[in-house]
Amino acid sequence: MKGNSMRANVLIIEDEPAIAELVAVHLKHAGMHPISAPDAAAATSLIAEVLPDAIVLDWMLPGMSGMQFMRELKAGDRTRVVPVVMLTARAAEQHKVDGLEAGADDYVTKPFLPKELVARIRALLRRHAPQLTDDVVTVGGLTLNPTTCRVFVKEKGVDAPVQLGPTEFRLLHFLMTHPERVHSRAQILDRVWGDHVFIEERTIDVHVKRLRAALKLVEYDGIIETVRGCGYRLTALSVPRRLEDAA
Ligand code: CA
């Protein structure tokens, strides 16, 4: 989680400050950005502002239980995409089954090894939010390397670079790691900006325009499609055929 990639926001919902702090320290050490909430109500207001990339959720919470809150998260259009790790002292097999059936993506029982918890969160992020990892991604001849912050297309065996600003880079990274799907402007704000309240949706159009202008220099502007009334889609189907022609 280095380079130009975003730091993963991980929301810790835990009423025991010592445990919340322990988890937060290990997440920070792993290059992630922890945010803590002592109960479901506090978590709800945090999520309303910034959609986290993953959630660590304690089962036994004052007020709404972690289990109930997870059902709410998994029923919400905006929140159901966020992976949840249940963290609880309830080690009984039936509780694990209940948690997983209610939609938990993983389950860790107290006492736990913080390193194991971090490893599990990493694995979930790799699956759910590949734009937060440093894996090199290639779509239809266009390659993005998060570690070197470079984007290029192979042209007759030579790498033709694409020069991008940091926001366009993150936007392209997100779209390339989630190709062939339409993303609404609100979803892009949540996933790329991490914020859907304080930034106007029109801001995205400005950055898409800049991104296309940069890609046009290598004739790849067509890779990003505008889907009317829906949003944007990155598709390998519309990339230039000339690469194959030349081969
Ligand atoms: Ca608790």
Side-chain angles (χ1 to χ4, degrees), residues 1 5-133 187 189-191 193-198:
M1 313 257 171
S5 45
M6 290 194 300
R7 288 209 298 162
N9 286 314
V10 180
L11 176 59
I12 305 159
I13 310 170
E14 165 65 73
D15 59 317
E16 287 173 65
I19 294 177
E21 183 58 23
L22 178 71
V23 174
V25 164
H26 280 83
L27 290 175
K28 259 187 218 160
H29 191 70
M32 297 181 223
H33 183 247
I35 317 149
S36 292
D39 55 35
T44 300
S45 24
L46 287 173
I47 292 170
E49 288 179 10
V50 176
L51 189 68
D53 300 298
I55 294 174
V56 176
L57 179 59
D58 182 28
W59 183 313
M60 298 294 280
L61 290 171
M64 184 186 284
S65 78
M67 188 63 138
Q68 265 175 289
F69 189 53
M70 188 172 58
R71 289 210 176 89
E72 273 195 8
L73 291 170
K74 293 299 175 183
D77 279 342
R78 184 166 163 257
T79 49
R80 72 161 56 99
V81 295
V82 181
V84 177
V85 182
M86 288 290 284
L87 184 61
T88 168
R90 298 188 175 207
E93 278 304 309
Q94 191 52 47
H95 288 139
K96 283 193 192 183
V97 173
D98 290 347
L100 294 170
E101 278 183 351
D105 298 273
D106 208 344
Y107 199 108
V108 173
T109 49
K110 297 174 184 172
F112 61 96
L113 292 171
K115 279 187 178 167
E116 185 195 339
L117 176 63
V118 169
R120 286 174 183 270
I121 293 168
R122 261 196 213 285
L124 285 176
L125 286 171
R126 208 162 274 279
R127 207 154 7 112
H128 290 261
Q131 78 277 11
L132 299 174
T133 72
Q187 285 167 339
L189 279 183
D190 271 337
R191 307 291 299 280
W193 274 259
D195 182 330
H196 85 142
V197 175
F198 303 111

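The first residue of the sequence shown is numbered 1, and numbering continues consecutively from there. Both ligands and their constituent atoms are indexed starting at 1 by order of listing. From a predicted model like this one, the values you see are computed outputs, not experimental measurements.
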**Prompt:** Within a strict 4.5 Å, meaning less than it, do heavy atoms of the Leu11 and Ile47 side chains meet?
**Reply:** yes

**Request:** Could you check if a side-chain atom of Leu73 sits within less than 4.5 angstrom of a side-chain atom of Val82, using non-hydrogen atoms only?
**Result:** no

**Message:** In the structure I gave you, are the side-chain heavy atoms of Val23 and Leu117 within less than 4.5 Å of one another anywhere?
**Reply:** yes

**Request:** Check the pair Glu21 / Glu16 against side chain to side chain contact (heavy atoms under 4.5 Å, CB included), numbers first and verdict last.
**Result:** CA-CA 9 Å; Glu21 183 58 23; Glu16 287 173 65; over 6 Å; no

**Item:** Number of protein N, O or S atoms [distance to the Ca ion (ligand 1) under 3.0 Å]
**Value:** 3

**Request:** Return the minimal non-hydrogen interatomic distance between Ala43 and Ile13, and the atom names on each side.
**Result:** CB-CD1, 3.5 Å

**Request:** Could you tell me whether a side-chain N or O of Thr133 sits under 3.5 Å from a main-chain N or O of Ala129, the two making a donor and an acceptor?
**Result:** no

